[in-house]
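Read the structure below first, then the notes.
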There are 2 protein chains.
Amino acid sequence: MTVQLAIRTPSHALKARTDWMAGQDSPEPFRVAGTVVHVDEGREIFAEGEDTDCFYKVISGVVRVCKFLSDGRRQIEAFHVAGEIFGFELGGEHILSAEAVSDCTLVSYRRRNVEMMAQKDHTVTRHLFEVAMQSLAQAQGHSLLLGRRGAMEKVASFLLTWATHSTDRHIVHLAMTRQDIADYLGLTIETVSRSLSQLERDGVIALSSVREIRLKNVEALEDLAA
Amino acid sequence: MTVQLAIRTPSHALKARTDWMAGQDSPEPFRVAGTVVHVDEGREIFAEGEDTDCFYKVISGVVRVCKFLSDGRRQIEAFHVAGEIFGFELGGEHILSAEAVSDCTLVSYRRRNVEMMAQKDHTVTRHLFEVAMQSLAQAQGHSLLLGRRGAMEKVASFLLTWATHSTDRHIVHLAMTRQDIADYLGLTIETVSRSLSQLERDGVIALSSVREIRLKNVEALEDLAA
DNA sequence: CGCTTAATTGATCAGGGTCAATCGTGGTGG
DNA sequence: CCACCACGATTGACCCTGATCAATTAAGCG
C-alpha cells in the first residue's frame, strides 16, 4: 500500500472523485458501516452543537453546510452533491449545521464504527485522510471566492463551478434558492439577482427558468470570474 | 492504536497542538525526514505552480500562504506560526505560494520520504490525516471570517485570534504589515488602519507601536467580533 | 540626517446593502 | 379549470460602508 499524496483532481470536480472509493485498490471502505437515509427538502440533517456521532455521504440531492451567526445571518460553507462526504469534523460536536437543499438520499456512517475499522484496516485511515484533503481544497477554494471583490466575479465563478456538476455543461440546474447562493457568496439575494439579470442582458447567460440557466458564452463568464 | 477522530482543540489554538507530534503515543513522525532551513523575511518559500515535493513545519517566525490573482490582487489564505504545517496540498503542484512574513526557521519534509514512511508506519498516515483536519478547520474558520460583513468584525476577530498566539494575551505582537492583514481579511490597508484607529479612539485597544497592540477591553472586542 | 517605505488621515466615489414595490410561479381549494 | 394565495425572484430608489485617490506623518536604516 502506498499513501497517495498526489491526487491531481481539481477541487471543483469532486463529483468525479467518487471513484477512489470504489476503485480496485480501494474498495468502498465505509459501506459496511453505513445506513441509507432519506431527508426531505429543507430538513435539518444535523445542527451546530450536536455530537459528531455520524458523518454522511451524499448519494443524491444537494446538501448545504452552514453556520448561523448570532445576528441571524447565515453563512453557507459548502454545497455537497453526490459522492461527497460532509459532517466530518474535528471536535466532539458539530461547528456547522447541515440541511437538505433538495430531497436527499444519504449514507450515514457511525464515527465509532469507522474508528474501529480504521484500527483493523489502515486503508480506512488513508481514506479519512483523502476525504479531509478534499474538504480542505474545497474550503480553501471557498475562501478565495469570498475574498474576491466583485459580486460579478463571485456569481460568474459560482455558475462555472456548478456547470461542472451538470451533464450538459452549458445548462446549469440550480438546486438552491437565490438566498442560498447569496449566503454562499457573502452577498444579498438582491445582488445575486441583479448580477444574473445583468449577465442575461449582456447575452452571457439565459435564465430559461428560475432554477435553470443556460450558459451562452462560457468564455465571457471565465473572463468575469478572473 | 486508535484513530483519534475526536480532537477537541479549538482551531485558533493550533500552536498549542504541537504536542501531538511529540506526545507519548505519537512521537514526532516526520523529524527523520526533515531538513532545517532558514528563510529571510519577505523571501519566497515556494511559488504557485511549483512541484509539491516538500511541505514544511514552522519552527519559529511567521509564514503567509497566498494566491496572486490575475489583476495583481493578493489573497492571503493563512498565516502560520510555530508548530503548524503548511504547503501540504492535493495536486502535484502548489495552488498557493508561501512567503516568510518574518525571518523563519522551518523544517522541510520531502513528500516522497514521508510517503515511504507511511508505508512502514501507519501512525504517519494518521498524522497526515490530523494535519489535514487542522488545516481544514482553519480554512473553514477563514471562510466564515471573510463572509462576515463588517470591517470591524473582521479586524476584531483577527486581533482576538492573534492574541491567542501571544504569551500575554493582552499584548498582540503583529509580525505582519497592514497590507498583509488587509489581504487576509479581504479589506484595503486604509480600512484596516481606520478600524484600528477607531478601536483606539473607543479605548478598546492601544497602539503601543505599529506592530504592538494592547488589548484594553477584550470583552468589547469579543462583542464587535460577534 | 535625509531617504525610503509603511501607516495614518482626509475627501470623494461607487458597489453593494437596505427598504419597498411588483412580478412570477407553483400549489391549493372552490 | 381557474382564481386565489403564498413565497421566491426581480426591479427600483436610496443610502452607507468601504474602496479609491491623495496628502501627510511616522518609522526604520544606511
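If you're wondering where the values come from, they're calculated on a predicted model, not measured in any experiment. Note on naming: letters A, B, ... go to the chains in the order of the sequence lines (proteins, then strands), and numbering restarts at 1 for each one.
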Among D:dT11, C:dT8, D:dC21, the one nearest any side-chain atom of B:R178 is C:dT8

Here the distance between atom P of C:dA21 and atom CD of A:E190, to the nearest Å, is 14 Å

Original post:
With distance as the sole criterion, do the side chain of A:Q179 and the base of D:dC7 form a donor-acceptor contact below 3.5 Å?
Top reply: no

* Taking side chain as C-beta onward, heavy atoms only, is B:H127 less than 4.5 Å from A:F129? -> no

With B:R64 as partner, the option from B:E77, B:E44, B:E99 fulfilling salt bridge (Lys or Arg N to Asp or Glu O under 4.0 Å) is B:E99

The nucleotide from C:dT8, D:dA9, D:dC21 with an atom nearest the side chain of B:S193 is C:dT8

B:A151 has its side chain closest, among C:dT9, D:dT11, D:dG18, to D:dG18

Discussion item. I want to check something: taking the side chain as every heavy atom from C-beta on, are B:L145 and B:L185 in contact at a cut-off of under 4.5 Å?
Written reply: yes

To the nearest angstrom, the CD1-P distance between A:I181 and D:dT10 comes to 9 Å

Separation of C:dG15 atom P from A:M152 atom CE, nearest Å, is 12 Å

Between A:S197 and A:R149, whichever has its closest DNA chain D nucleotide further toward 5' is A:S197

Of the listed D:dA27, D:dT11, C:dG17, the closest approach to the A:T188 side chain comes from C:dG17

Out of D:dT11, C:dA6, D:dC21, minimum distance to the side chain of B:T177 belongs to C:dA6

Under 3.5 Å side-chain donor-acceptor pair for A:T105 and A:H38: yes

Between CZ of B:R148 and P of D:dT17 the distance, given in whole Å, is 18 Å

Remember a base hit wins even if backbone is also touched, and classify A:L187 as base, sugar-phosphate or nothing at under 4.0 Å, heavy atoms. sugar-phosphate

At under 4.0 Å between heavy atoms, what does B:R194 touch on the DNA or RNA strands: base, sugar-phosphate, or nothing? base

B:I189 CD1 to D:dA23 P, in whole Å, measures 17 Å

A:R211 CZ to C:dG26 P, in whole Å, measures 11 Å

Any side-chain donor paired with an acceptor under 3.5 Å for B:H94 and B:E50? no

Rounded to whole Å, CZ of B:R201 lies from P of C:dG10 at a distance of 7 Å

When rounded to whole Å, the CD to C1' distance for the pair A:E41 and C:dG26 reads 12 Å

